[in-house]
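Quick notes on the structure that follows.
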Amino acid sequence: MKVLIVGSGGREHAIAWSVARSPRVEKIYCAPGNAGISQYAQCVPIGAMEFEKLADFARTEQIDLTIIGMDDPLVGGVADVFEAQGLKVFGPRKNAAILEGSKAFSKDLMKKYGIPTAAYENFHDPGKALEYLRTQAKFPIVLKADGLALGKGVLICKDLAEAEAGVKEIMEDKKFGDAGNAMVIEEFMTGREVSVLSFVDGKTIKTMTSAQDHKRAMDGDQGLNTGGMGTFSPSPFYTEEIDRYCQEHIYQPTVDAMAAEGRPFTGIIFFGLMLTQDGPKVLEYNARFGDPEAQVVLPRMENDMIDVVEACIEGRLDQVELKFQDNAAVCVILASDGYPVKYEKGVPIYGLENFDGKEGYYCFHAGTAFKDGQIVTSGGRVLGITAKGKDLKEARSNAYKATEWVSFATKYMRHDIGKAIDEA
Ligand code: AMP
Ligand code: GLY
C-alpha cells in the first residue's frame with residue numbers, strides 16, 4: 001500500500017513510525033512532514049490546509065490511504081474533499097470534526113445526551129457574557145474560545161476582573177481570531193487529568209491505553225499553557241473501575257450521540273478527562289491523536305495500525321481487539337527556550353544519531369527542518385524523546401537519560417514529567 005500522512009509534528013512522526021512497521025505498507029508520503037519524518041516517508045511540500053492539492057497528489061500518486069493527523073484540516077473538511085473524489089481517508093468528516101471544532105457544540109451535545117461534563121453556558125455576545133459573569137458566576141471560572149486556538153483558548157480566571165479581561169481578549173480583541181466568535185463559560189473543576197484516545201468507526205469505539213499530558217511550560221505546572229510538554233502512559237490513576245464508568249457513561253454515549261445527530265464519527269476521538277470527586281468528567285474532545293500523547297501510546301500498541309484504520313473506515317471495528325504492551329512509556333519534549341511565546345529557529349541539533357538502533361528509545365521530531373544538509377530547529381516544540389520501561393519509573397528514568405543524547409543551543413525541557421507517578 002501507499003499511505004499519505006497529513007501533518008508535520010511529533011504526532012505525525014509517531015504515526016509514520018507506526019505505519020512504517022506494517023508489512024502491508026510499501027511507501028509512505030507525508031505532507032508537509034519534517035526532517036525526522038523523512039526517515040520513513042517522502043515529504044511533499046503541500047500544506048495541510050491545501051485540500052485540493054492534497055487530493056490531487058493522492059489521486060496522481062495512487063495513494064491507497066490518507067491519514068489526517070491534525071485538527072485544522074479535519075475541522076475544515078479535508079475528509080469530505082477526499083471522499084468526494086473517491087479517495088480513502090482516515091479522519092472524521094467536517095460535520096463530525098465539529099466535536100473538536102466547536103466547544104459550544106460539544107457542550108450542548110454532552111448536555112443533551114447526559115454525558116458528564118462541567119456546568120456551562122454558551123455566549124455569542126460579549127455583553128451577555130459580562131452580565132452573566134457579574135451576576136451569576138462563581139470564581140475561579142473557566143472561559144473557552146469556541147473554536148480551534150492551538151490549545152491556548154482556555155482561560156482560568158480567579159476573579160471578576162480577570163474574567164472581564166478574558167471576555168475582552170477572546171470576544172472583542174479576537175486574540176484567537178474567529179475562534180472567539182462564541183465562548184463557553186464553565187465551572188472550574190479540580191482533579192487529575194487523563195487523556196484517553198480511541199478508534200471509532202461510526203458506531204463502535206475501542207479505546208487505547210491511557211496517558212497524561214503536562215500542558216504548562218514550566219516545572220510544577222507553572223507558566224503558560226503549551227501544546228504539551230511531555231506525557232506518560234499508562235496513567236496509574238485511570239483504574240479499571242474508572243474505565244468501566246467511562247465506557248458506559250462517556251465513550252459509547254458520545255459515539256451514539258454523534259450518530260443520533262446525523263454526524264457519525266469515524267476516526268480518532270481523544271477524550272480529555274478530569275477525574276473529579278464526583279467522578280470522571282469530559283474537559284474536551286479532540287478529533288485526532290493527541291500530541292504528545294501519540295508519542296507514548298503508539299509505541300506501546302501491538303496492532304498493525306493499517307488494519308485498525310481500515311476496520312474503522314469499513315465499519316468493522318467490532319472485530320478488532322486492540323492490544324497494548326504491558327509496560328510504560330514517557331515522552332519528554334525538548335522545546336526551544338522561550339516557547340510558547342518567542343523563540344529562535346534554525347539552531348543546529350547534534351546527537352540525533354545516538355538513537356540509531358536503540359530499542360525502546362525514540363526521537364520523534366516536532367519542529368525540525370534541513371538547512372544546508374544539517375538538521376535544525378524550526379518550531380517551539382522541537383523533539384519528543386520517548387523511552388519505554390517495564391514500569392513508569394523505569395520509563396521516566398530512561399527518557400530523561402535519552403534527553404542528554406541530543407543537544408542544541410536553545411534546548412529547554414521540563415524536569416518533572418511523570419512526577420505524579422510518585423504519588424500513585
Ligand atoms: P482544554 O483545551 O479544554 O482541554 O483545556 C486546557 C486545559 O485547561 C485543560 O487541560 C485543563 O487543565 C484546563 N481546564 C479546562 N477546562 C477546565 C475546567 N472546567 N476546570 C478546570 N480546568 C480546566
Ligand atoms: N496534548 C494535547 C493535545 O494534543 O491537544
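Counting convention: from 1, in listed order, for ligands and their atoms alike. Residues take their numbers from the sequence shown, with the count starting at 1. Every value quoted in this text rests on a predicted model; they were computed, and no experiment measured them.
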Worksheet item: For ligand 1, which atoms sit closer than 4.0 Å to a heavy atom of K103?
Response: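 Once the distances to K103 are compared, the set is 2 (O), 3 (O).
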
Fill in: For F188, the ligand 1 atoms whose distance to one of its heavy atoms is below 4.0 Å
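Once the distances to F188 are compared, the set is 20 (N), 21 (C).
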
Any nitrogen or oxygen of [X], main chain or side chain, under 3.5 Å from a nitrogen or oxygen of ligand 2?
{"X": "R11", "answer": "no"}
{"X": "D291", "answer": "yes"}
{"X": "E284", "answer": "no"}

Just need the protein heavy atom nearest to [atom], so name the residue and atom and give the distance.
{"atom": "atom 16 (N) of ligand 1", "result": "K144 NZ, 3.0 Å"}
{"atom": "atom 10 (O) of ligand 1", "result": "E193 OE1, 2.7 Å"}
{"atom": "atom 2 (O) of ligand 1", "result": "E284 OE1, 3.2 Å"}
{"atom": "atom 8 (O) of ligand 1", "result": "V154 CG1, 3.6 Å"}
{"atom": "atom 23 (C) of ligand 1", "result": "L283 CD2, 3.7 Å"}
{"atom": "atom 19 (N) of ligand 1", "result": "E186 OE2, 2.7 Å"}
{"atom": "atom 21 (C) of ligand 1", "result": "M189 O, 3.1 Å"}

Minimum heavy-atom distance between [X] and [Y], given as atom pair plus value:
{"X": "V330", "Y": "L392", "answer": "CG2-O, 4.1 Å"}
{"X": "G10", "Y": "Q295", "answer": "C-NE2, 3.3 Å"}
{"X": "A328", "Y": "A395", "answer": "O-CB, 3.7 Å"}

Discussion item. Can you name the atoms of ligand 2, numbered from 1 with element, that are less than 4.0 Å from a heavy atom of E293?
Written reply: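 Those atoms are 1 (N), 2 (C), 4 (O).
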
Discussion item. Need the ligand 2 atom indices (1-based, order shown) with element for anything under 4.0 Å from a heavy-atom of D213.
Written reply: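 Taking each heavy atom of D213 in turn, ligand 2 has 1 (N), 2 (C) under 4.0 Å.
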
Discussion item. Tell me whether V142 has any N or O atom under 3.5 angstrom from an N or O of ligand 1.
Written reply: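 N/O-N/O distance below 3.5 Å does not exist for this pair.
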
Worksheet entry | Sub-3.5 Å N/O-N/O distance, K215 and ligand 1 |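 Such a contact does occur with ligand 1.
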
Item to complete: Return the option from R288, Q295, K215 holding the heavy atom at the smallest distance from atom 4 (O) of ligand 2.
Response: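 Answer by nearest heavy atom: R288.
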
Worksheet item: Is any NZ, NE, NH1 or NH2 atom of the basic residue among K411 and E404 found under 4.0 Å from an Asp or Glu carboxylate oxygen of the other?
Response: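 Salt bridge absent between K411 and E404.
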
Worksheet item: Between E164 and R134, is there a salt bridge with N-O shorter than 4.0 Å?
Response: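 Yes, R134 and E164 are salt-bridged.
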
Worksheet item: With a 4.0 Å heavy-atom cut-off (strictly under), which part of I156 contacts ligand 1: side chain, backbone, both or neither?
Response: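 Under 4.0 Å from ligand 1, I156 contributes side-chain atoms alone.
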
Practice prompt. Specify side chain, backbone, both or neither for E187, according to which of its non-hydrogen atoms lie closer than 4.0 Å to ligand 1.
Written response: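 For E187, only backbone atoms sit under 4.0 Å from ligand 1.
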
Worksheet item: G227: heavy atom below 4.0 Å from ligand 2, yes or no?
Response: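 Right, G227 reaches ligand 2.
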
Fill in: Test item, G290 contacting ligand 2 (heavy atom, 4.0 angstrom)
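In this structure, G290 qualifies as a contact of ligand 2 - some heavy atom is under 4.0 Å.
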
Item to complete: Could you tell me the separation between the CD atom of E423 and the CZ atom of R192, rounded to the nearest 0.5 Å?
Response: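 Going from the CD atom of E423 to the CZ atom of R192 covers 5.0 Å.
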
Fill in: Residue that, paired with T368, satisfies side chain to side chain contact (heavy atoms under 4.5 Å, CB included) out of L383, V376, T377
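Output: one option passes, namely L383.
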
Worksheet item: For F289, is the NZ or CZ atom of R11 found under 6.0 angstrom from the centre of its six-membered ring and inside 45 degrees of the ring axis?
Response: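 Pair R11/F289 does not count as cation-pi.
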
Worksheet item: Going through the distances and angles, do E344 and T410 end up as a side-chain hydrogen bond (donor to acceptor under 3.5 Å, both in side chains)?
Response: CA-CA 8 Å; E344 207 181 320; T410 49; 5.9 Å; no

Worksheet item: With distance as the sole test, does R381 use its side chain to make a donor-acceptor pair with the main-chain N or O of G227 at under 3.5 Å?
Response: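 Yes, R381 side chain to G227 backbone: donor-acceptor pair under 3.5 Å.
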
Worksheet item: Counting only N and O atoms by type, is there a donor-acceptor contact under 3.5 Å from the side chain of K342 to the main-chain atoms of G338?
Response: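 The answer is no, because no donor-acceptor pair under 3.5 Å joins these two groups.
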
Discussion item. Just to be sure I read this right, does ligand 2 sit under 4.0 Å from the backbone of E100, its side chain, both, or neither, counting only heavy atoms?
Written reply: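 The answer is neither; E100 stays 4.0 Å or more away.
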
Practice prompt. Report yes if the distance between the aromatic ring centroids of Y285 and F271 is under 6.0 Å, otherwise no.
Written response: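 When the ring centroids of Y285 and F271 are compared, they turn out to be within the sub-6.0 Å range.
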
Fill in: Y412 ring center within less than 6.0 Å of Y343 ring center
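They do not qualify: ring centres at least 6.0 Å apart.
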
